[in-house]
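See structure below.
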Amino acid sequence: MAEEFQAEELIFLMKKINLDMEAQLKRCLERHDMSGTQVYFMVYILRHHPKGTYITEMCREIGVSKATLSVLVKKLREKGYLCFQESPGDVRKKRIVPTEKLIVQGNEFLQRADRMEAQICSALGRKEREELWELEQKILTQLKKMEKENREIKRQEVTV
């Protein structure tokens with residue numbers, strides 16, 4: 001019984017942290033024309049893919065579905081922050097590339113994200129951050145395993 005309660009409490013706390021992080025993104029990064037999540041996604045692109053990347057690659061990196069990522073990219077394209085660049089070898093393959101507008105405003109976004117991240121992480125020491133990262137990786141691995149198992153069960157149900 002106590003172990004079940006601890007599991008429930010742990011999952012509840014993870015959900016609360018997620019909701020509070022979303023609120024911080026909104027408060028710290030939201031602009032009149034963009035959500036905090038949109039700004040943070042652009043920060044990610046500026047930090048990790050300043051020359052551009054592909055949606056499929058981003059899906060693998062950040063663990064978001066292609067549909068979710070496509071909607072996010074579409075909104076940022078409409079606002080003039082991202083554009084598509086066709087691949088010369090395969091016209092179906094389109095690279096997501098920051099526009100001049102994003103590059104010009106990029107420093108502001110990066111500074112705001114740096115401040116927010118520093119504030120959030122200031123509650124933990126370096127060793128604690130490393131331990132938390134390792135624990136998060138274990139949980140993500142387990143969630144991926146569960147997702148794979150659920151897909152297999154659904155596939156079996158369809159064939160029956």
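Taking the charged nitrogens against the carboxylate oxygens, Asp20 and Lys15 have no contact shorter than 4.0 Å, which rules out a salt bridge. Looking at Lys127 and Glu131, a side-chain N of the basic residue comes within less than 4.0 Å of a carboxylate O on the acidic one, giving a salt bridge. Ion pair Arg155/Glu152 flagged as a salt bridge, since at least one NZ, NE, NH1 or NH2 atom sits closer than 4.0 Å to an Asp/Glu carboxylate oxygen. Taking the charged nitrogens against the carboxylate oxygens, Lys66 and Glu57 have no contact shorter than 4.0 Å, which rules out a salt bridge.
Proximity of Arg112 to Met116: side-chain heavy atoms (C-beta onward) are nowhere separated by under 4.5 Å. Put simply, the side chain of Met14 reaches to within 4.5 Å of the side chain of Ile139, judged on heavy atoms. Between Thr53 and His48, the closest side-chain pair of non-hydrogen atoms is not below 4.5 Å. Side-chain contact check for Arg77 versus Val73: some heavy-atom pair is nearer than 4.5 Å. Between Leu110 and Arg47 the shortest side-chain heavy-atom distance falls below 4.5 Å. The shortest distance between side-chain heavy atoms of Leu82 and Val97 does not fall below 4.5 Å. The shortest side-chain heavy-atom distance between Leu69 and Ile62 falls under the 4.5 Å cut-off. Contact of the Met34 side chain with the Phe109 side chain is registered, since non-hydrogen atoms from C-beta on lie closer than 4.5 Å.
Both Ile120 and Val43 are members of a single hydrophobic cluster when ILVMFWY side chains are connected at heavy-atom separations under 4.5 Å. If you chain together hydrophobic residues whose side chains sit under 4.5 Å apart, Tyr44 and Trp133 never meet in one group. Follow the hydrophobic side-chain contacts under 4.5 Å out from Phe84 and you never reach Ile103; the two are in separate clusters. A continuous path of hydrophobic side-chain contacts links Met42 to Met21 [ILVMFWY only; heavy atoms under 4.5 Å]. When hydrophobic clusters are built by joining Ile, Leu, Val, Met, Phe, Trp and Tyr residues whose side-chain heavy atoms come closer than 4.5 Å, directly or via intermediates, Leu143 is grouped together with Leu10.
Listed here is the closest heavy atom pair of Ile45 and Pro98: CG2-CG, 3.9 Å. The nearest pair of heavy atoms linking Arg95 to Lys51 is NE-O, 3.3 Å. Heavy atoms only, all atoms of each residue included: Lys79 and Lys101 are closest at O-NZ, 2.7 Å.
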Derivation and outcome, side-chain hydrogen bond (donor to acceptor under 3.5 Å, both in side chains), residues Tyr81 and Gln38 = CA-CA 10 Å; Tyr81 289 100; Gln38 289 171 340; over 6 Å; no
query = Can you list the steps and then say if Arg115 with Cys28 is a side chain to side chain contact (heavy atoms under 4.5 Å, CB included)?
reply = CA-CA 9 Å; Arg115 281 193 304 271; Cys28 297; over 6 Å; no
task = Decide yes or no on side chain to side chain contact (heavy atoms under 4.5 Å, CB included) for Lys26 and Thr37, but give the supporting numbers first.
result = CA-CA 7 Å; Lys26 184 175 179 159; Thr37 300; over 6 Å; no
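No hydrogens or angles considered: a donor-acceptor pair under 3.5 Å links the side chains of Glu61 and His49. Donor-acceptor pairing under 3.5 Å is recorded for the side chains of Glu117 and Tyr40.
With rounding to the nearest 0.5 angstrom, the CD atom of Glu130 is 11.0 Å from the CG atom of Leu132. Rounded to the nearest 0.5 angstrom, Leu102 CG and Leu76 CG are separated by 8.5 Å. Atom NZ of residue Lys94 and atom SG of residue Cys83 lie 12.5 Å apart, to the nearest 0.5 angstrom. Rounded to the nearest 0.5 Å, atoms OG1 (Thr141) and CD (Glu136) are 11.5 Å apart. The distance from the OG atom of Ser70 to the CE atom of Met58 is 11.5 Å, given to the nearest 0.5 Å. Residue Glu108 holds its CD atom at 6.5 Å from CD of Gln105, rounded to the nearest 0.5 Å.
Under a cutoff of 6.0 Å and an axis angle of 45°, Lys93 and Tyr54 form a cation-pi pair.
Exactly one of Lys144, Arg151, Lys145 qualifies for a salt bridge (Lys or Arg N to Asp or Glu O under 4.0 Å) with Glu147. That residue is Arg151. Looking at Leu72, Ile96, Val64 one by one, the single match for side-chain contact (heavy atoms from CB on, under 4.5 Å) with Ile55 turns out to be Ile96.
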